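In what follows, chains carry the letters A, B, and so on, assigned in the order in which the sequence lines appear, proteins first and then strands, with residues in each chain numbered from 1. These numbers come from a predicted model, not from an experiment. The basis for the numbers below is simple: all heavy atoms, side chains too, and nothing from hydrogens, waters or symmetry mates.
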Protein chains: 2
Amino acid sequence: MSIFGIQFQLGGYQMVTLYEHVFNWEPYLQFGKRQFFKRKQTIYSQGTPGDGFYFLHKGLVRIVSVNATGKERILNIVIPNQLMGVQSLDQKEHFTTAIAVQDSIVYHFSNRKFKKLLQERPEIVRVFSRTVIHKMKILLDRINLDTLTSEQKIALLLHNICYEFQNFEVPLNQQDIASCTGLTRISVYKVLKQWKEKGIIDIINKKYYIKKPDFFRNLVN
Amino acid sequence: MSIFGIQFQLGGYQMVTLYEHVFNWEPYLQFGKRQFFKRKQTIYSQGTPGDGFYFLHKGLVRIVSVNATGKERILNIVIPNQLMGVQSLDQKEHFTTAIAVQDSIVYHFSNRKFKKLLQERPEIVRVFSRTVIHKMKILLDRINLDTLTSEQKIALLLHNICYEFQNFEVPLNQQDIASCTGLTRISVYKVLKQWKEKGIIDIINKKYYIKKPDFFRNLVN
DNA sequence: AAAATTACGTTAAATAGGTTACAGTTACGC
DNA sequence: GCGTAACTGTAACCTATTTAACGTAATTTT
């Protein structure tokens, strides 16, 4: 399953960003500090002071946010060649947590280093703003999500994923879908069961496969 | 009711930004193009291509977003000295709509002009990224809002407003509160009625006044 | 000043989704 | 290789919120 050439973002309904749009960071990586993170390891966590931002070189990272009542939401999943933790460029604390889903390699750009980079390569501003704006869009899509019914929410999510990956295998379990949509696992289960009965999805060995992607498109739009 | 000296943002629970944090744009205004908008006039609308961004000099602007099913949400209310429409710096289309709540004066910075500004005053990058990151935080707060009960949602909203304005008069009607929280007007009405009976708020001539702000603080935190 | 639109108050009925509970399966760490 | 932890399937119940409906008050438009 190749996901290269495509940016993958969970939870928004217009998350497609072709690779070509993504600025090539390779020449700038020398300005950052290479770091390794093992699966399940935390890269940065909500509430702690941050310094600069991170570039994901290899691996997969899940961005989550915990609200005032302690509930956790998956905000998006970062794939290679994307930035994360941009929030703390502002010198403030992180308002999300990043956890490695797979062993990952990241480059950390501290404020100092980024300043230097800005001076030497001012064109970097464009890539940077582009990334941040894209992230805003993802957040906004997420907000709009909550006026939908639970069936629509899940449909939207799965539709995006199958679209992004150009693949009909869903890389999420019930819990993940619940966390992405803000529903309970039971509700997710109920919808999934109903869809299975209608032949819209297949469930093989606890993995979900989308059979009728058009059904999702109709539900959403 | 003086709101000067304070930035006002609807819908997030940590939206306080003192005026002093806001970069003074006065010296840069000459780079933008001054425009006037009458009450209810649209400054930019979702789906249309944008060019650059706007700075609100005088007035009040409401930012709304319409989702795939046609439902409208108020995202925030922009007060003077704030940026809006930053999304389209990217040359893409606007993903929100901005409507003047009062007669307003804005300065429009086209991409070309902003580029020029960046060259002549590179320090502007900081202000700019700060604003965008702040907006991201507001969006994120909004996402976390939807794990709360309807009473908590409204409490949070009113708490923020009364805190930001340092005033206990709520500048929103039932419909607005519904649109901000994603609830129906009926649900809003029910909560408000209940609060009125408990003496937490006053309703005079269809305007809401917060009597016991501490009640909100307890509900939320 | 009349007409039209928009906002509010209230109730009753319908329902979507959350909660709880528990048993069966699979995966993972030691 | 075994035990614990994490994930799934399912049912019964419950309640918070939405939908629908309608009269009244207020505001805006013409």
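Within 4.0 Å of A/Ile186, counting heavy atoms only, lies at least one base atom of the nucleic acid. Note on A/Lys193: only backbone sugar-phosphate atoms sit closer than 4.0 angstrom, heavy atoms only; bases stay farther off. Among the atoms of the strands shown, only primed sugar atoms or phosphate atoms (P, OP1, OP2) are found under 4.0 Å from some heavy atom of A/Ser150.
Between B/Phe53 and B/Trp25, the ring planes are perpendicular. Angles over 60° get that label, and only those under 30° would be called parallel. Ring pair B/Tyr107/B/His57 is perpendicular by interplanar angle, where above 60° counts as perpendicular and below 30° as parallel.
One interatomic measurement links the two molecules: CD1 of A/Ile177 to P of D/dC7, which rounds to 13 Å at whole-angstrom precision. Between the CG atom of B/Asn173 and the P atom of C/dT5 there is a distance of 19 Å, rounded to whole Å. Atom pair B/Leu183:CG and D/dT15:P shows a separation of 20 Å (rounding to whole Å applied). In this entry the distance linking CG of A/Leu145 with P of C/dG17 reads 12 Å, nearest Å. Remark: P of C/dA16 and CG of A/Leu148 are 15 Å apart, rounded to the nearest angstrom. Put simply, OH on B/Tyr189 is 22 Å from P on C/dT6, counting in whole angstrom units. Between the NZ atom of B/Lys40 and the C1' atom of D/dT29 there is a distance of 10 Å, rounded to whole Å. Spacing between atom NZ of B/Lys153 and atom P of D/dA16 amounts to 14 Å, rounded to whole angstrom units.
Between A/Lys207 and D/dC7 there is no side-chain N or O to OP1 or OP2 distance below 4.0 Å. Proximity of A/Gln174 to the phosphate of D/dA6: no side-chain N or O atom is located under 4.0 Å from OP1 or OP2.
Residue order along DNA chain D, read from the 5' end via each residue's closest nucleotide, puts B/Gly182 first among B/Arg39 and B/Gly182. Between A/Asn205 and A/Thr184, it is A/Thr184 whose nearest contact on DNA chain C lies nearer the 5' terminus. Residue order along DNA chain C, read from the 5' end via each residue's closest nucleotide, puts B/Ile203 first among B/Ile203 and A/Lys206.
Considering CZ of A/Arg62 and CD1 of A/Ile99, their distance stands at 7.5 Å, rounded to 0.5 Å. The CD atom of A/Gln175 sits 11.0 Å away from atom CD of A/Glu72, with the distance rounded to the nearest 0.5 Å.
Paired with B/Tyr208 under the rule side-chain hydrogen bond (donor to acceptor under 3.5 Å, both in side chains), one option of B/Lys196, B/Glu169, B/Gln174 passes, and it is B/Gln174.
The base of D/dG9 has none of its N or O atoms less than 3.5 Å from a complementary donor or acceptor on the side chain of A/Lys196.
Comparing C/dC8, C/dG17, D/dT8 by their nearest atom to the side chain of A/Arg185 picks out D/dT8. Comparing D/dT17, D/dT10, C/dG9 by their closest approach to the side chain of B/Lys190 singles out D/dT17. Each of D/dG9, C/dG17, D/dT18 was ranked by its minimum atom distance to the side chain of A/Tyr208; first place goes to D/dG9.
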